Structure formats: structure tokens, C-alpha cells
Amino acid sequence: KTIHQSDYIRAMAENVITFCHGPAGSGKTHIAIGLALEYLLSGVVEKIVITRPVVEAGERLGFLPGSAEDKLSPYLLPLFDELNYFISQADLAYLKKERKINIVPLALMRGRSFHNSFIVADECQNASYEQLKMLLTRIGHDSKMILTGDVTQSDLQQHRQGGFYDLLNILEGIEDLATVHLECADILRNPIISSIINRIESHEEEK
């Protein structure tokens, strides 16, 4: 719905790996998952792999009962919300059962390779440099990988932050790899979010 979002879609379509950095609500994950579903349902790829780091946002939730999937569900819920925007819960359940859609924590990606897949890595500002380096080596043949993040909203301890931003700069210019920056003007949630982010950033710059 904005010029930058159109550039983002074009970058994903034309490249193997795309880094997308931008504020909350600018469409980073929403657009990537929408395109991933389009590729899957039209037969361009065989499966979608969606991953994100399991990091708590400032609070420790403590022990969670249930199976491994039950424990991880609260962390992965935002990804299900995005999928359910595009497809019904019944269709999502079917695609998960057929292993056409895989939602996994970043920590469980080591040792795996994904061929003919559309991989979306969400909240990459909460992944360490080492985790992202590992993730980038998981991409197989005939696959795409999208890494999204907002470096202003990392929930990692200070000494572990910065991996996403560092890799954005280190890898820029590689063939078949794109970097896209979305801005507050691309936020399509409640308009007050843009005002809040702009005011907070101005306040922090004055300090």
C-alpha cells in the first residue's frame, strides 16, 4: 500500500535473500508471509518455514506447562495471527498437518537445510550474530529467505544485541541479496503508532 512496501515485494521476488528493517506495524512480517503463501498456494515452493527467536519482551513468564509445542505457542502466536489473516484456521491446520507450513523457534533450526522453501525469519533483532549466521546457512536450493527486524526494539541483553544490524551492513551489495528499509510512513496500523514512535525517537535523540 506504500511505495516502500512495493519495493519490498519486488526485492523479495527478485532476490534469494532479503533483509527488511523497519518499525513495528510497517508490514515487514505481514507482507513476507502473504507473499510466502502466494508462492506456496501457486506451487512455486513446496513449503513455508517461519521462525523467530524465543525471547521474552522484558518480563520472565516462568515455567509454562504442557508439551514443547504448548510451551512455545505464546511466543509463536503472532505468526499464527499473520497466517490467519490470509487463510482460515481450517486451511492452516491442514497445511501444518501436511507439513506445508512449518513454524519453528530459531534455536531448533541448526542442522537443518530447507530446499524449495520460502523461509521467513521474524524478529531478527532478538537473534544474536551467531544465530543469524547459522540461519543464513540453512537455505537450500530453489528457496527464498526473508529476515525481518527492528533494531530499536531488541529484547536481548545489551552485549548480545546488534547482530541483525551488523549483518545488514556486512552483506549489503552481495548479488541476489537485497536490503529494504521501511519507515514510519509505511505503518498502516492505527495512525497514532507513527506519532508515538516519532515522538519517542525525537525524545531519545535529545537526551
Side-chain angles (χ1 to χ4, degrees), residues 4-5 7-8 11-12 14-33 35-36 48-61 68 71-72 74-79 82 102-115 117-140 143-184 186-187 197 200-201 204-205 207:
H4 291 141
Q5 290 177 350
D7 291 341
Y8 180 29
M12 289 189 286
E14 295 178 353
N15 293 276
V16 176
I17 296 174
T18 302
F19 283 81
C20 183
H21 167 250
S26 56
K28 304 181 299 294
T29 306
H30 183 77
I31 294 170
I33 288 179
L35 190 64
I48 296 172
V49 179
I50 307 174
T51 186
R52 73 183 317 190
V54 175
V55 178
E56 296 165 358
E59 299 180 50
R60 295 202 172 275
L61 301 180
K71 295 175 191 292
L72 294 169
Y75 299 99
L76 303 177
L77 189 59
L79 301 177
E82 295 292 356
N102 299 270
I103 302 177
V104 293
L106 182 58
L108 302 182
M109 294 285 278
R110 187 176 297 279
R112 303 183 67 182
S113 293
F114 299 99
H115 303 288
S117 304
F118 198 115
I119 305 158
V120 179
D122 187 38
E123 299 285 350
C124 286
Q125 77 277 0
N126 285 332
S128 68
Y129 180 91
E130 289 75 19
Q131 285 178 314
L132 293 175
K133 182 179 173 184
M134 174 273 294
L135 174 65
L136 288 165
T137 63
R138 300 302 93 206
I139 189 168
S143 293
K144 286 185 181 293
M145 181 180 289
I146 317 301
L147 299 94
T148 74
D150 177 2
V151 295
T152 68
Q153 291 196 356
S154 179
D155 297 311
L156 289 179
Q157 295 175 324
Q158 189 71 35
H159 69 281
R160 298 184 66 217
Q161 294 181 13
F164 180 66
Y165 181 77
D166 289 343
L167 284 168
L168 269 173
N169 293 306
I170 291 169
L171 301 178
E172 190 165 12
I174 289 180
E175 187 176 0
D176 292 326
L177 185 148
T179 57
V180 179
H181 297 273
L182 299 179
E183 301 175 355
C184 286
D186 300 304
I187 294 176
I197 292 174
I200 290 172
E201 288 180 347
E204 290 174 348
E205 288 173 1
K207 284 186 176 182

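Since we're looking at a predicted model, the values are computed, not measured.
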ask   = Does any non-hydrogen side-chain atom of Val120 lie less than 4.5 Å from one of Leu79?
value = no
request  = Report yes if some heavy atom in the side chain of Leu35 is under 4.5 Å from a heavy atom in the side chain of Tyr8; otherwise report no.
outcome  = no
Any Arg138 side-chain heavy atom under 4.5 Å of Ile119 side chain = no
inquiry  = Minimum heavy-atom separation for Phe118 and Ala36, please, with both atom names.
reply    = CD2-CB, 3.4 Å
query = Taking atom NZ of Lys28 and atom CG of Asp122, what is their separation to the nearest 0.5 Å?
reply = 8.0 Å
key: Parallel, tilted or perpendicular: rings of His21 and His181 (30°, 60°)   = perpendicular
message = Does any part of the side chain of His4, heavy atoms only, come nearer than 4.5 Å to the side chain of Ser26, both counted from C-beta?
response = no
query = Under a 4.5 Å cut-off applied to non-hydrogen side-chain atoms, are Leu135 and Met145 in contact?
reply = yes
task = Output the distance between atom NZ (Lys144) and atom CG (Asn15), rounded to the nearest 0.5 Å.
result = 7.0 Å
request  = Please assess Leu136 against Leu147 for the test side chain to side chain contact (heavy atoms under 4.5 Å, CB included), listing each intermediate value before the final yes or no.
outcome  = CA-CA 9 Å; Leu136 288 165; Leu147 299 94; 3.9 Å; yes
message = With rounding to the nearest 0.5 angstrom, report the OG1 to CE distance, Thr18 to Met12.
response = 6.5 Å
key: Heavy-atom check, side chain of Thr29 versus side chain of Ile50, under 4.5 Å   = no
ask   = Got a second to check how far Ile103's CD1 is from Glu82's CD, nearest 0.5 Å?
value = 11.0 Å
message = Rounded at 0.5 Å granularity, tell me how far CG in Leu132 sits from CD1 in Ile170.
response = 10.5 Å
key: Heavy-atom check, side chain of Ile17 versus side chain of Ile174, under 4.5 Å   = no
inquiry  = Determine whether a donor-acceptor pair (N or O, by modelled atom type, separation under 3.5 Å) exists between the side chain of Gln125 and the backbone of Asp150.
reply    = yes
query = Under 4.5 Å between any side-chain heavy atoms of Val104 and Met109, yes or no?
reply = yes
inquiry  = Among Asn169, Leu167, Ile146, exactly one meets side-chain contact (heavy atoms from CB on, under 4.5 Å) together with Phe19. Which residue is that?
reply    = Leu167
task = Say whether, by atom type as modelled, one donor and one acceptor occur between the side chain of Ser143 and the main chain of Phe114 under 3.5 angstrom.
result = yes
ask   = What is the distance from atom CZ of Phe164 to atom CD of Gln131, rounded to the nearest 0.5 Å?
value = 13.5 Å
